[in-house]
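For reference, the structure discussed in these notes is given below.
Bear in mind the structure is a predicted one, so any value in this text is a computation, not a measurement. These values consider heavy atoms only, across backbone and side chains, with no hydrogens, waters or symmetry-generated copies.
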Amino acid sequence: MGRIVTQLGITLAAGLLLVTAGGCARVDAPAGEVPAPVALPEKLEESTAADSAESDDPGQPSATPAAVESMGAAPRASASASASPSASAKPSPKPKRTSTAPRAVPKPPTETKVPPPPPKPAPSSCKPSYQGEQASRAEVKAALADAAGRVYWPTSAPDIRIPLNLVKATAWQESGWQSNIVACDGGIGLMQVMPDTATWMNQRFGQSYDVWDYRDNAYLGGTYLAWLTKYIGDMYFDSDYRLDASLCTSGVLDSCLLNAVISAYNYGHGAVAREGQPLAIPNPSYVRNVRALMTECVCLGY
């Protein structure tokens, strides 16, 4: 009898131990039993829409536009999407830039090596000279179209595109599409590229463009427009490189990247984009002329 009671007590004690051990396993489970955290994808990079030779001598086109158009319509405010927590593990993409206006305080420039400063203005009495043969209108048109069609920053900023009407208008403002003209300050050809600037751009982009060849001259002009777009776009527009007239506020020249790039092509980047200072447009007449030529130039029909 005592042996039976003893065996019964041992059995009951073992059962209690099993129950107690099971409860502790649920509370103090080893770390290896907890599912590993799921790695979340990295945040998506902010996307930017892509809608579409430094010259220091404004030059005079062979024809003046009939009228200066308004500097574009005021930008429309974009409605910001309300942030709501997602049931999925994927994070929401970064919000797009809601303001098209330039930053009041620019970011530091991303390009540390910059083009040479512009030369001093030539005397007003000086007349330009001509060297070599003049390219035909059809040849010039094709060269400017090729320059506008190029991707100048294929790795770091492939969305930078130079509008064809901007290239045509700039060439008309600078030289009247005269490929063999040489300005008194040294500007050469269609895009009035300065020799020192051409040397700098060839080194910066690893090219060997000949400033005296009308096709290479067009490429050099496009290269400089593209460099200015990135330089100013990074400093003042948070890398929004759209050269879109619809982003410009009517009557406010310093409101958009397009006007800033046009201004810097004529006056140099240092007069427009200044570290720690607001965007500047020191040559409003030049900017208005080129903007008008972008829609009214007779060259657009060639």
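Under the 4.5 Å side-chain criterion, counting only non-hydrogen atoms from C-beta, Asn266 is not in contact with Ile262. Counting only heavy atoms from C-beta outward, the side chains of Met194 and Ile188 never approach each other to under 4.5 Å. Two residues are said to be in side-chain contact when any heavy atoms from C-beta on lie closer than 4.5 Å; Arg291 and Cys248 meet this criterion. With contacts defined as side-chain heavy-atom distances shorter than 4.5 Å, the pair Asp254/Pro278 does not qualify. Looking at heavy atoms from C-beta onward, Lys107 lies in side-chain contact with Asp238 at the 4.5 angstrom threshold. Side-chain atoms of Met294 and Leu166, non-hydrogen and from C-beta on, do get closer than 4.5 Å to each other.
To the nearest 0.5 angstrom, Lys168 atom NZ is 7.0 Å from Cys299 atom SG. Interatomic distance, Asp244 CG to Leu258 CG, rounded to the nearest 0.5 Å: 8.0 Å. The line from OG1 of Thr295 to CG of Leu293 is 8.0 Å long, rounded to the nearest 0.5 Å. Atom SG in Cys256 sits 11.5 Å away from atom CZ in Arg242 (nearest 0.5 Å). Leu247 contributes atom CG, which lies 7.0 Å from atom CG of Asp240 (distance to the nearest 0.5 angstrom).
Thr229 meets the side-chain hydrogen bond (donor to acceptor under 3.5 Å, both in side chains) test with no other residue; sequence neighbours excluded. Residues that satisfy the side-chain hydrogen bond (donor to acceptor under 3.5 Å, both in side chains) test with Asn180, not counting sequence neighbours, are absent from this structure. Applying the salt bridge (Lys or Arg N to Asp or Glu O under 4.0 Å) rule to Glu111 yields the partners Arg204; only residues at least two apart in sequence or on another chain are considered. Applying the side chain to side chain contact (heavy atoms under 4.5 Å, CB included) rule to Ala273 yields the partners Tyr231, Ile232, Met235, Tyr236; only residues at least two apart in sequence or on another chain are considered. For Pro284, the side chain to side chain contact (heavy atoms under 4.5 Å, CB included) partners are Leu253, Arg288, not counting sequence neighbours. A search for side chain to side chain contact (heavy atoms under 4.5 Å, CB included) contacts involving Ala271 returns Tyr267, Pro282, not counting sequence neighbours. Applying the side-chain hydrogen bond (donor to acceptor under 3.5 Å, both in side chains) rule to Thr199 yields no partners; only residues at least two apart in sequence or on another chain are considered. For Lys230, the salt bridge (Lys or Arg N to Asp or Glu O under 4.0 Å) test picks out Asp234, with sequence neighbours left out.
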Would you tabulate the side-chain donor-acceptor contacts of residues 205-216 under 3.5 Å, counting partners in other chains and residues two or more places apart, or write 'none'?
unit_1	atom_1	unit_2	atom_2	d
Tyr209	OH	Arg150	NH1	2.6
Asp210	OD1	Trp212	N	3.0
Asp213	OD1	Arg215	N	2.9
Asp213	OD1	Arg215	NE	3.3
Asp213	OD1	Asp216	N	3.1
Asp213	OD2	Arg215	NH2	3.1
Asp216	OD2	Asp210	N	2.8

Cut-off 3.5 Å, no hydrogens considered: what does the side-chain donor-acceptor table look like for residues 117-133, sequence neighbours left out?
unit_1	atom_1	unit_2	atom_2	d
Tyr130	OH	Gln178	OE1	3.0

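The ring-ring contact (aromatic ring centres under 6.0 Å, His included) with Trp227 is formed by just one residue from the set Tyr265, Trp200, Tyr241; it is Trp200.
Contact record, Met191 with Glu174: O-CG, 4.1 Å, taken as the closest heavy-atom pair. Shortest non-hydrogen contact noted between Val167 and Ala148 is CG2-CB, 3.9 Å. Taking both residues in full, the closest heavy atoms of Val287 and Ser263 are given as CG2-CB, 3.7 Å, listed atom of the first, atom of the second, then distance. Across Ala101 and Phe237, no two heavy atoms sit closer than the pair C-CE2, 4.1 Å. Smallest separation of non-hydrogen atoms from Ile281 and Ala260: CD1-CA, 3.8 Å. The shortest non-hydrogen separation linking Val261 to Leu243 is CG2-CD2, 3.9 Å.
The side-chain hydrogen bond (donor to acceptor under 3.5 Å, both in side chains) pairs that include a residue from residues 273-282 are Arg274-Gln277, where partners are two or more places apart or lie in different chains.
A distance-only check finds a donor-acceptor pair linking the side chain of Ser175 to the backbone of Ala171 [under 3.5 Å]. Between the side chain of Thr249 and the backbone N or O of Val252 there is no donor-acceptor pair closer than 3.5 Å.
Grouping the Ile, Leu, Val, Met, Phe, Trp and Tyr side chains by contacts below 4.5 angstrom, directly or via other members, places Tyr152 with Met201. In this structure, Leu257 is not a member of the same hydrophobic cluster as Leu164, with clusters built from ILVMFWY side-chain heavy atoms closer than 4.5 Å. In the hydrophobic clustering of this structure, Tyr302 groups with Val140; members are Ile, Leu, Val, Met, Phe, Trp, Tyr whose side-chain heavy atoms approach within less than 4.5 Å, directly or through other members. The hydrophobic clustering, which links ILVMFWY residues whose side-chain heavy atoms are closer than 4.5 Å, places Leu300 and Val290 apart.
Other cluster members for Val105: none, since no ILVMFWY side-chain heavy atom sits under 4.5 Å from it.
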(message) Before you tell me yes or no, could you show the steps for Lys141 and Trp177 under side chain to side chain contact (heavy atoms under 4.5 Å, CB included), namely the whole-Å CA-CA distance, both residues' side-chain angles and the distance that decides it to 0.1 Å?
(response) CA-CA 9 Å; Lys141 176 182 178 180; Trp177 280 27; 4.3 Å; yes
(request) Applying side chain to side chain contact (heavy atoms under 4.5 Å, CB included), run through Leu279 and Arg103 and close with a yes or a no. (result) CA-CA 8 Å; Leu279 192 68; Arg103 298 170 59 94; over 6 Å; no
(request) Given side chain to side chain contact (heavy atoms under 4.5 Å, CB included), test Trp172 with Val298 step by step and report yes or no. (result) CA-CA 9 Å; Trp172 191 267; Val298 64; 3.7 Å; yes
